[in-house]
Protein chains: 2
Amino acid sequence: MDDDRVRATETSVRMLEGIVELGGEAGITELATHLSVAKSTVYKHLNTLETSGLVAKRGDRYRIGLRTLEFGGHAQRYDGVYDTARPQVRKMADETDELANLMFAEDAWGVYVHTSRGDDAVEIDTQTGRRAHLHATGLGKAILATFADDRVERIVDRRGLPAVTEHTITDRAALFEELEAIRDTGIAHDREECIEGMACLARSLSVPSERPAAISITGPVSRVTTGEAEATIRRTLEQAANVIELNLSGSA
Amino acid sequence: MDDDRVRATETSVRMLEGIVELGGEAGITELATHLSVAKSTVYKHLNTLETSGLVAKRGDRYRIGLRTLEFGGHAQRYDGVYDTARPQVRKMADETDELANLMFAEDAWGVYVHTSRGDDAVEIDTQTGRRAHLHATGLGKAILATFADDRVERIVDRRGLPAVTEHTITDRAALFEELEAIRDTGIAHDREECIEGMACLARSLSVPSERPAAISITGPVSRVTTGEAEATIRRTLEQAANVIELNLSGSA
DNA sequence: CCGGGCGTTCGCCCCTGGGAAACGCGGTTC
DNA sequence: GAACCGCGTTTCCCAGGGGCGAACGCCCGG
């Protein structure tokens, strides 16, 4: 039950994480002290990971290898949601000139899976693959709103409700109230809960896939929360979601 | 020298590869027979990988987890090339209405790192993260042309010159001749060497990063190889490359 | 009600992952 | 130019654990 795991694999994964924590690049001694393991251990693991392509060696420095991206590609598209949603996300960005996003939920985390920038899009890093707490983003809340309460409870138990900004919801009761409101309107709002100065509108996708998904449009509070702009964004979200859902229900 | 590797890690990676080989989804027994290892071994490894997020479990089926995409994101952007090139790739797609691509070379492989579709773009799967032989794509040949001959030799020694279509270059001398031509014109051509019916023009990027990169535009032979269209594509490639190179040399 | 297939668990043995220390090399300091 | 770091690499050893095969229990279909 507890030894049904492979420690060597866990160590290798910690090496990958360590490289990221050290700024995306590390040497052997550096990584050894960071992880508190022997140099020789790090040496062997990095050797192995390099042969597999999971890390790349340049001189005496190690970085994450592009092979991880190959696996990442498979993770993105094992259901058809990514491929179907991608053009619609771009369309949203073009229509609103803001930043449009697609998120999947997995393992009680939200993961940004695709992003498209309109002409006026803010320069924040919603890079592909980044994980976020579900309670702290509009996308995440839109997804949580599709879950039964006990499922939300279990997620909160696992990940907690850490504050990302001072506007983040950190209270369980407040969260459930918010989710109820989202279920009524179909739209999740995020006002500086994730990034100071930024607001976003999000909507979950009801698709045949078992993997929860949502789309959103993000911009500065001043542009996104004013009455007229908000109505436009809402409409854009609805249309994009409808197209995606229609395409996927047809093919299923 | 030969035991400077961690077999357990190699086994775990084989599990990930196995899942991909089995169509992106597998059960424990299925994977065990596919890899010729004991069921209990597969069980432990998948357990471990799931805890790390590298695989995702749905019922009794395992898939590649989105955590791989997080690492993939770091692999994409440890130099600034990806972020700088991405908008230019999109611009190329918009201007030509074809499919535009960005490739990095790592570990003697070419890896598609970004793709953008114009309005008439063909529906082929140049999915992010896919690896390709360098000799068999326009992008790869553009990259090889920037290498010294002995470096090309070593790559060919490692990966060979397998035929992807019947037009693929499979002869060493022919390859070096082709590379010489590319060095003269600055542009690599690919006429059905990678996919039947498809042609592409590619150009390498000379940027401060140690990681080789190239951009390309792909389309049906009929649209890409005609005189006028080819000239347009060439110009688009040149402009995009110049902008990328300028932006990166400025920040370096 | 029975049989087969699956994921899971158990117990064992030998292998190997992991640590500590020594090595060799390059760059820096007096 | 000699002494000295600090790094990656190598060596050696030992106990812990990776991997196997078999047994278990569950679910499903017949």
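All heavy atoms count here, side chains included; hydrogens, waters and symmetry mates do not. Remember, predicted model here, so these are calculated numbers, not experimental data. Chain naming here is simple, since letters A, B, ... match the order of the sequence lines and numbering starts at 1 in each.
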[N] [atom2] sits how many Å from [X] [atom1], rounded?
X: A/Tyr62; N: D/dG8; atom1: OH; atom2: P; answer: 8 Å
X: B/Arg61; N: C/dG7; atom1: CZ; atom2: C1'; answer: 12 Å
X: B/Leu46; N: D/dG19; atom1: CG; atom2: P; answer: 12 Å
X: B/Asp60; N: D/dC28; atom1: CG; atom2: P; answer: 10 Å
X: A/Asn47; N: C/dG17; atom1: CG; atom2: P; answer: 12 Å
X: B/Lys57; N: C/dC6; atom1: NZ; atom2: P; answer: 16 Å

List in chain and number order the residues that pass side-chain contact (heavy atoms from CB on, under 4.5 Å) with B/Glu106, two or more places apart in sequence or in another chain; answer none if no residue qualifies. A/Ala56, A/Leu66, B/Tyr78, B/Arg211
Candidate pair A/Ser206 and A/Glu245, rule side chain to side chain donor-acceptor pair (under 3.5 Å), full reasoning: CA-CA 6 Å; A/Ser206 26; A/Glu245 289 165 359; 3.3 Å; yes
So A/Asn247 and A/Thr84, side chain to side chain donor-acceptor pair (under 3.5 Å) or not? Walk me through it. CA-CA 7 Å; A/Asn247 284 345; A/Thr84 308; 5.9 Å; no
A/Glu177 atom CD, neighbour heavy-atom count above 12 within 6.0 Å: no
Given A/Ile169, which partner from the list A/Leu179, A/Leu175, A/Val164 fulfils the side-chain contact (heavy atoms from CB on, under 4.5 Å) test? A/Leu175
Expected output is a numbered-order residue list: members of residues 20-45 of chain B with a heavy atom under 4.0 Å from any atom of DNA chain C. What is it? B/Gly27, B/Ile28, B/Thr29, B/Lys39, B/Ser40, B/Tyr43
If you check every side-chain atom of B/Asp4, which of D/dT10, D/dG19, C/dG17 has the closest atom? D/dT10
Winner on side-chain proximity to A/Arg7, out of C/dT9, C/dG17, D/dG17, is D/dG17
Just by distance, do the side chain of B/Arg14 and the backbone of B/Leu35 share a donor-acceptor pair under 3.5 Å? yes
